[in-house]
There are 2 protein chains.
Amino acid sequence: MAAHRSATMADVARLAGVSVATVSRTLSGTRAVDPAMQRKVTEAAAELNYQVNLVGRALRQTRTSTVGLIVPDLENPYFSALAQQLARAFSAPGIDLLVFSADGSLETEARGVRSFLGRQVDALVLIPVHEQLSEASVAIAAAAVHTIQLDRHVPGTASSYVGVSNRAGMRLVRDHITECVDLDAQPVVYVGAAPGSSSAHERLDGVRRWFSPEVPTLLGDFSAAWGREAAARLLADGWEGATIVTAADIIALGVVSHLLHQGRSIPGDFRVIGFDGVGAVALAHPSLTTVRQPVEEMAQSIRALIESDEEPSSRWFEPELVLGATSPASGSELSG
Amino acid sequence: MAAHRSATMADVARLAGVSVATVSRTLSGTRAVDPAMQRKVTEAAAELNYQVNLVGRALRQTRTSTVGLIVPDLENPYFSALAQQLARAFSAPGIDLLVFSADGSLETEARGVRSFLGRQVDALVLIPVHEQLSEASVAIAAAAVHTIQLDRHVPGTASSYVGVSNRAGMRLVRDHITECVDLDAQPVVYVGAAPGSSSAHERLDGVRRWFSPEVPTLLGDFSAAWGREAAARLLADGWEGATIVTAADIIALGVVSHLLHQGRSIPGDFRVIGFDGVGAVALAHPSLTTVRQPVEEMAQSIRALIESDEEPSSRWFEPELVLGATSPASGSELSG
DNA sequence: CTGTTAGCGCATTCAG
DNA sequence: CTGAATGCGCTAACAG
């Protein structure tokens, strides 16, 4: 188990017969050191099984080579995909990405912010839990460190933002659907998420804008359970034959699952469209027609934003439509 | 963006007209402080927007109220479910769980260990990337701090372990299958993962032990892509009608997806069994028959292990069978 | 190129 | 109950 007391630079210096400064310079490689001493230091360090104490280093320096990421929920495959891509993007420049889950709670989110700020992270990437109520946390973070909001954003805070153009994504959905579906016989229903996050908000906006302000709408949360429940309600309310646009793949997954369980066919009886296009969810059967977010580019963009310590700036990426088996092939319905 | 320099305890002390010691005692609540001064301190702290510097505190104290978790891959829904449960378990006792992804790489895993040790975490939870090759990392971790291996373990290291009895899980699968499937007409094929991790190893062992040492076996990795590929090979090699036991839900998902795409029916033409029973994957359609791991109990067990600073010890949990629609109802085949 | 020294921010002795 | 002083482990100035 735990060693009694781990070796310190002073220990290494003593054993190697040099000063602590030489040890520091040798191990961090900040300055040239005589090869002979260098060897003695590395040997002594190895013998004592020395590990740098990053806490001491962090206290002395300003930077920690650490970036914090706070996600609302690790079980949402879209967020874990983002986390994974970010970790990969920061790996090459030697920056550690530390992930903290807010577990859907504003209090836990605030705790995460305090925790990362207290740890002196170089930058903080934050997927806010709530569009308005996360404002305090975002403001505290942005006041102390370079903060980048990801995927969702709280309006009016002076921090950077990286995300996808949700309205444009819904426009892609509209273009695809109008091309292959008879909207009179198979009207659109939106199964979305209540506008507590900007992404939920904007996707709902997009649907109303590109289809119609009166699109029938069921709003819940970003979960498969909600998708199932919504599908059950649609069947109960006589929405047989609808074209179901959803706010996320994970919702779409629940919708598809319930409909198939109830003996409906897709895309025969119903059509279902997802959003995100990322992670294992996208591998569902039948394959989901969805709007794919370019998560890899988004992660790289965040890395670039942090490395070049510029002014806070925002970047919206363009999503793309991915055709699957939950919607008819383009043109099939109208030309058939 | 970043403030020029954040307020320190000395700043607060100056503004409140007291000593830094009083500020420290007031804010951490370690000792009784005169209510009048207490008020002055809290007001000064609020005015300066003071945030404790955890780096300074960590350097002074031994503990950091932080536990590190290293996962091989965040995109695997089983690992992110574990991470989520652990975060939740540690939330109540006021411990921050910081997650680091090894991204499937031994080097990154080693970096994560060094990083967390350097940050003076109170304990380290580690899901090793590889059964043998992660040994060095585990040993380094265990020598410095209370280390708990999770789900997978490296043999011969003196650290704690929490996981599920994989062989018992496969026994549940055997019991279920022998009850409802005619194994002569619908022989078992195992689609597993190459034994690089102890879980892959033990599940393969279990299949060979409870079914037969000669069970036909395809080994890949823990991914849906591998499941698809394996299914394609089974079809190509004439394994029509097989009962497919897999090493993980995520593999089973790929298998099911490919088979359905190729027009096969489940559980008519093929039967598919998963393993893990956790996360969105478990919500697939058709619902997966799988072996569920008690992740919540496992997370609580780890918390308990860390709080009571005992000897390194191991705990194996018993998994349970969850019936889904990818296998026939019990008894249906043999009695029908 | 190397050694000595100071101080990052904090919690904790030890006096009072 | 409060304040002054010490040092956690490290790196950056500075002087040699």
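Every value quoted in this text rests on a predicted model; they were computed, and no experiment measured them. Sequence lines set the chain letters: A, B, ... in the order given, protein chains first and strands last, and positions in each chain run from 1. No hydrogens, no waters, no symmetry mates; every other heavy atom, side chains included, goes into these values.
Among the heavy atoms of the strands, none lies under 4.0 Å from V55(B).
For Q120(A) and dG9(C), the CD to P distance is 8 Å, given to the nearest whole Å. Rounded to a whole Å, the NZ atom of K40(B) is 9 Å from the P atom of dG3(D). Atom pair L54(B):CG and dG9(C):P shows a separation of 13 Å (rounding to whole Å applied). To the nearest angstrom, P of dT2(C) lies 5 Å from CE of M37(A). In this structure, L27(B) atom CG and dA11(C) atom C1' are separated by 12 Å, rounded to whole Å. Following rounding to the nearest Å, N53(B) (CG) and dC10(C) (P) show an atom-to-atom distance of 5 Å. Following rounding to the nearest Å, Q38(B) (CD) and dC1(D) (P) show an atom-to-atom distance of 10 Å. Remark: C1' of dC10(D) and CG of D11(A) are 13 Å apart, rounded to the nearest angstrom.
Put simply, the side chain of S91(A) never gets that close to the backbone of A87(A): no donor and acceptor are under 3.5 Å apart. Counting only distance, with no hydrogens or angles, the side chain of T22(A) and the backbone of V20(A) share no donor-acceptor pair below 3.5 Å.
Using cut-offs of 30° and 60° for the angle between ring planes, the H153(B) and Y161(B) rings count as tilted.
Counting distance only, with no hydrogens placed and no angle test, the side-chain atoms of R25(A) and the base atoms of dG3(C) include a donor-acceptor pair under 3.5 Å.
Mapping R60(B) and G17(B) onto DNA chain D by nearest heavy atom places G17(B) closer to the 5' end of the strand. Residue order along DNA chain D, read from the 5' end via each residue's closest nucleotide, puts R31(B) first among R31(B) and Q61(A).
Nearest to the side chain of L59(B), among dG9(C), dT2(D), dA11(C), sits dG9(C). Nearest to the side-chain atoms of A21(A) among the listed nucleotides dC10(C), dA12(D), dT11(D) stands dA12(D).
The shortest distance between the side-chain N/O atoms of R57(B) and the OP1/OP2 oxygens of dG9(C) is not below 4.0 Å. The shortest distance between the side-chain N/O atoms of T22(A) and the OP1/OP2 oxygens of dG3(C) is below 4.0 Å. Contact annotation: T8(B) side-chain N/O to dC10(C) OP1/OP2 distance is under 4.0 Å. Side-chain N/O atoms of S19(A) include none lying less than 4.0 angstrom from OP1 or OP2 on dT4(C).
A salt bridge is absent between E107(B) and R111(B): the closest approach of a Lys/Arg side-chain nitrogen to an acidic carboxylate oxygen does not fall below 4.0 angstrom.
Looking only at side-chain heavy atoms (C-beta outward), E109(B) and P72(B) stay at 4.5 Å or farther from each other.
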